[in-house]
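Contents: one structure, followed by commentary.
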Amino acid sequence: MSVSENLQQVQQDVAALAQRFHRAPESVRLLAVSKTKPVADLQAAYEAGQRLFGENYVQEAVEKHQQLSHLDDIEWHFIGPLQSNKSRQIAETMAWVHTIDREKIARRLSEQRPADLPPLNVLIQINISDEDSKSGISLEQLPEMVALVSSLPNLRLRGLMAIPAPQSDYASQVAVYEPLFEAYKALQAQQTDIDTLSIGMSNDLAAAIASGSTMVRVGTAIFGARDYSA
Ligand SMILES: *Cc1c(COP(=O)(O)O)cnc(C)c1O
């Protein structure tokens with residue numbers, strides 16, 4: 001199957017799941033996760049109508065941003081772990097960062113955001129289930145991080161993101177997402193601009209969309225399996 005056929009299939013799947021959970025199809029945006037894939041694949045997805053692309057590695061994200069700069073309506077999302085010595089490159093190129101979980105990174109991104117660009121859209125990453133992962137803050141730490149991010153002039157807080165540890169079945173996936181969905185709704189009630197809950201990957205789309213996802217992050221189902229040996 002081609003990238004454009006895969007993309008169409010995923011769009012249909014997402015729309016059908018939205019309907020199943022009584023949500024408007026356009027309330028769930030599709031982020032095409034293109035890490036390790038050549039720019040020709042991104043271009044194929046673009047030609048098929050895709051505009052949101054997600055990258056995980058700073059060097060690769062910056063290179064693709066440069067190579068596809070003529071497609072200036074692409075919305076670039078950085079979804080990988082970010083080290084402070086690389087924050088400038090991200091502040092200068094991306095429209096969104098999903099992985100805010102440290103004060104230092106948030107402060108640097110705001111300081112380094114160029115004045116001629118709109119504020120950087122950011123999501124706070126929550127560690128909801130994966131105790132082995134060093135990424136993400138706990139829900140207990142969320143109020144403090146919200147206050148900090150909201151105080152930074154060149155960041156615009158849009159919501160929350162999570163990468164749960166894989167669960168085998170739908171019910172467990174929904175159970176893991178439940179406290180996150182509650183925290184997201186509370187944040188939305190408290191603050192304007194909050195419109196994004198970034199959850200859902202190829203293997204848990206249904207549970208994520210049932211749990212309020214407004215942005216699913218799909219790689220393999222669009223671009224095929226990744227070959228890390230290449
Ligand atoms: C790689 C990645 C995805 C996409 O995963 P697939 O299984 O290829 O759909 C989504 N989110 C994050 C944070 C990722 O790193």
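The structure presented is a predicted model; accordingly, all values stated were derived computationally and were not measured. Note that these values count all heavy atoms, side chains included, but never hydrogens, waters or copies made by symmetry. Here, residue 1 is the first one in the sequence, and each next residue gets the next number. Numbering of ligands and ligand atoms starts at 1, following listing order.
- Near N56, the atoms of ligand 1 lying under 4.0 angstrom from a non-hydrogen atom of the residue are 14 (C), 15 (O).
- Neither the backbone nor the side chain of H98 comes within contact range of ligand 1; no heavy atom lies under 4.0 Å.
- Taking 4.5 Å as the limit, some side-chain heavy atom of L155 sits within range of a side-chain heavy atom of L109.
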Run the side chain to side chain contact (heavy atoms under 4.5 Å, CB included) check on I90 and K86 step by step: do they pass?
-> CA-CA 7 Å; I90 292 302; K86 297 190 175 156; 5.7 Å; no

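- Test V122, T93, V97 against F78 for side-chain contact (heavy atoms from CB on, under 4.5 Å) and you get one pass: V97.
- Of the listed options V218, I163, L31, V216, I163 places a heavy atom closest to atom 13 (C) of ligand 1.
- Side-chain contact check for E63 and Q59: at least one donor-acceptor pair (N or O, by modelled atom type) lies under 3.5 Å.
- When heavy-atom distances to ligand 1 are checked against a 4.0 Å cut-off, R217 comes that close through both its backbone and its side chain.
- Closest non-hydrogen pair, F223 versus F53, comes out as CZ-CE2, 4.2 Å.
- For T220, heavy-atom contacts with ligand 1 shorter than 4.0 Å involve the backbone as well as the side chain.
- Ligand 1 has no nitrogen or oxygen under 3.5 angstrom from a nitrogen or oxygen of I79.
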Report the C-alpha distance between L31 and R29 in whole Å, list the side-chain angles of each, state the deciding distance to 0.1 Å, and finish with yes or no for side chain to side chain contact (heavy atoms under 4.5 Å, CB included).
-> CA-CA 7 Å; L31 180 65; R29 303 176 83 199; over 6 Å; no

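- Atoms of ligand 1 lying under 4.0 Å from any heavy atom of S202, numbered from 1 in the order shown and given with element: 6 (P), 7 (O), 9 (O).
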